[in-house]
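First the structure, in the form of structure tokens, and then the observations on it.
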Amino acid sequence: MNNVRVRFCPSPTGSPHVGFARTALYNWAFARHHGGTFVFRIEDTDKERSTEESYDAMLGAMRWLGLDWDEGPEVGGPHGPYRQSERGDLYRDVLERLAASSYTYDCFCTTEEVDARRKASGSKVMGYDGFCRDLDPAQRAAWEAEGRKPVVRFRMPDGSVTWTDLVRGDITFETQFVPDFALCRANGDPLYTLVNPVDDALMGITHVLRGEDLLSSTPRQIPLHQALVDLGIGTVVPEFGHLPFVMGEGNKKLSKRDPESHLFLYRDQGFLPEGLLNYLALLGWSIAADRDIFTLEEMVEAFDIKDVNPNPARFDLKKAEAINTAHMRLLPVEEITDRALPFLKAAGVVSDPVGDADAELLEQAMPLVAERINKLVEAVDMLGFLFVADADFAVDAADADKLLNDDGRAVVRRALLKLETLTEWSTAAIQDALQAELVEAMGIKPRNAFGPVRVAVTGRRVSPPLFESMELLGRERSLARLQSVLV
RNA sequence: GCCCCGUUCGUCUAGCGGCCCAGGACGCUGGCCUCUCACGCCGGAAGCACGGGUUCGAAUCCCGUACGGGGUACCA
């Protein structure tokens, strides 16, 4: 395919959610796969609900995910502006040209009047009935005299509308079930029904990949696109592909109300964008029968919209975490260190900026934790004991209850006595000494021998490897901590 | 109500008429490894919604039914 142009066009209402990311990803991957153009457009025609804060969040989300756009906000492009709130003149002009060619007509009916007529006629079809299509001039004058303002409606053609959906195949709607629809409010404000197809036409969009919720608006958009082509406003009717929903708990669409749906929740927990994206890609698509870990580049190479599954997918946190873990293991330690740094700073584990001593300690410690954490934020709990000021060090109460009982403290006492005699403070020396003194001399199992020592030194039952941790902590601080649980 | 979409292990999926008495992954589960945790390794349970066709042969094609979802706005 040549000159592919796709767009992603969220409404800036609220916080970006995972469905947003999945749709953005598929559009982006489609564009990149075909060497096409990825357009980012903001559909902020709903003045009531759109906010600047949400707009910033949309851009922030795309940047965090690494889905770069070729045309759009802050990047510009030949078809700007890319915020619909700044394109009012364009829409007014299109509306005039549509009306001049009778593709549209003014409608003065109220919702109540329409409902009453439909009920009276016993119609199975709801929605607008076309009453004002050929309005009697006298009636029109009367309504205008009483101050009624009309909305502009698109005249749906007779017959049917058929398209070959990129993910679902042929779909046909009889237009008798698709009522004439409003293109702008009575006050003149353009509606989504107008601006979405108009901008797609103006921006030369060739493929529309969007959520299944918009499938039923497609039979209205295709005739409108044809009208735009007829008027020379557009050049082609784009192809459409409707992506399956991302569902939440139970069997309902993941809504913005659902906390699991918020994209930034994952960012703030230390998910890697490539990990989340990999997982999201799997919700409706797979790269191969026996493989589910891949990079964005590999996805771009393999992505084909025709392979997208049409049925809805349930978001599964456990699997998302597992996929993320796999990506963590793919990263070199230095990279994990860089990415974990903001979390460590935020938690106060290290200062901002990081001091030289802390930086050096971090470089030595990260290899121990990088391979055992699944999300970046976990580095905070894993490393805290190494960086905390001695005065602030505290042993986890629950872990102490469990392991630092009389038996545990006896073990710690033996360990302390033995370690005080060590002349070399190294991982190997510490391990040899404790192995001999606790496991062999005392005759207790390794986990019972090292557990109490671990809690005393690191403050927790879960920690980086014990002997390495003690080496990094240093002789004096290690011995002091052993001592402190004995008093 | 009407229109449209969908239905393979608990979950995400592979499968596009014979390779499938259905493969992979997460989860669950038994075991191994092991200084904790995490990782890793070996094994197990678990699925083609139902009913009719078409065909020598159907998870795959067709038609019904059931169930789920979306739409039916001067929201997007």
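In what follows, every chain begins at residue 1, and chains take the letters A, B, ... in the order their sequences are listed.
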- Task: Would you confirm whether A:Asn324, through its side chain, and A:Phe271, through its main-chain N or O, come within 3.5 Å as a donor-acceptor pair?
- Result: no
- A:Phe245 CZ to B:C4 C1': how many Å, rounded? 12 Å
- Message: On RNA chain B, does the nearest nucleotide to A:Leu282 precede the nearest nucleotide to A:Lys319 from the 5' side, or the other way round? Give the residue.
- Response: A:Leu282
- Message: Does A:Arg372 contact B:U36 through a side-chain donor or acceptor facing the base, at a distance under 3.5 Å?
- Response: yes
- Query: Hey, are A:Arg140 and A:Glu144 close enough for a salt bridge, meaning a charged N less than 4.0 Å from a carboxylate O?
  - Reply: yes
- Nearest-Å distance once atom C1' is located in both B:U13 and B:G18: 23 Å
- Message: Classify A:Ser463 by what it touches in the nucleic acid, base, sugar-phosphate, or nothing, heavy-atom distance under 4.0 Å.
- Response: base
- Message: Distance criterion of 3.5 Å, no angle test: do you see the side chain of A:Arg329 paired donor-to-acceptor with the base of B:C39?
- Response: no
- Item | Sugar-phosphate only, base, or nothing, as touched by A:Thr172 at under 4.0 Å among non-hydrogen atoms | sugar-phosphate
- Message: For the residue pair A:Tyr91 / A:Asp199, report whether a side-chain donor-acceptor contact shorter than 3.5 Å exists.
- Response: yes
- Would you indicate what A:Leu215 reaches in the nucleic acid, counting non-hydrogen atoms under 4.0 angstrom: base, sugar-phosphate, or nothing? sugar-phosphate
- Looking just at side-chain N and O atoms, do A:Arg185 and A:Thr45 make a donor-acceptor pair shorter than 3.5 Å? no
- Message: Tell me whether A:Ser54 contacts the main-chain N or O of A:Thr51 through its side chain, where contact means a donor paired with an acceptor under 3.5 Å.
- Response: no
- Task: Indicate, with a heavy-atom threshold strictly under 4.0 Å, whether A:Arg168 touches base, sugar-phosphate, or nothing.
- Result: sugar-phosphate
- Message: Here's a test of your reading of the structure: between A:Pro465 and A:Asp170, which maps to the more 5' nucleotide of RNA chain B?
- Response: A:Asp170
- Task: Indicate, with a heavy-atom threshold strictly under 4.0 Å, whether A:Gln176 touches base, sugar-phosphate, or nothing.
- Result: nothing
- Task: Using a 4.0 Å cut-off on protein heavy atoms (strictly under), produce a 5'-to-3' string for nucleotides 71-76 of chain B with B for base contact, S for backbone-only sugar-phosphate contact, and - for none.
- Result: SSSBBB
- Query: Distance only, no hydrogens: is a donor on one side chain within 3.5 Å (strictly under) of an acceptor on the other, for A:Asp180 and A:Tyr105?
  - Reply: yes
- Message: Base, sugar-phosphate or nothing for A:Gly284? Non-hydrogen atoms, less than 4.0 Å.
- Response: sugar-phosphate
- Task: Taking only Lys NZ, Arg NE, NH1 and NH2, and the carboxylate oxygens of Asp or Glu, determine whether A:Asp200 and A:Arg7 approach each other closer than 4.0 Å.
- Result: yes
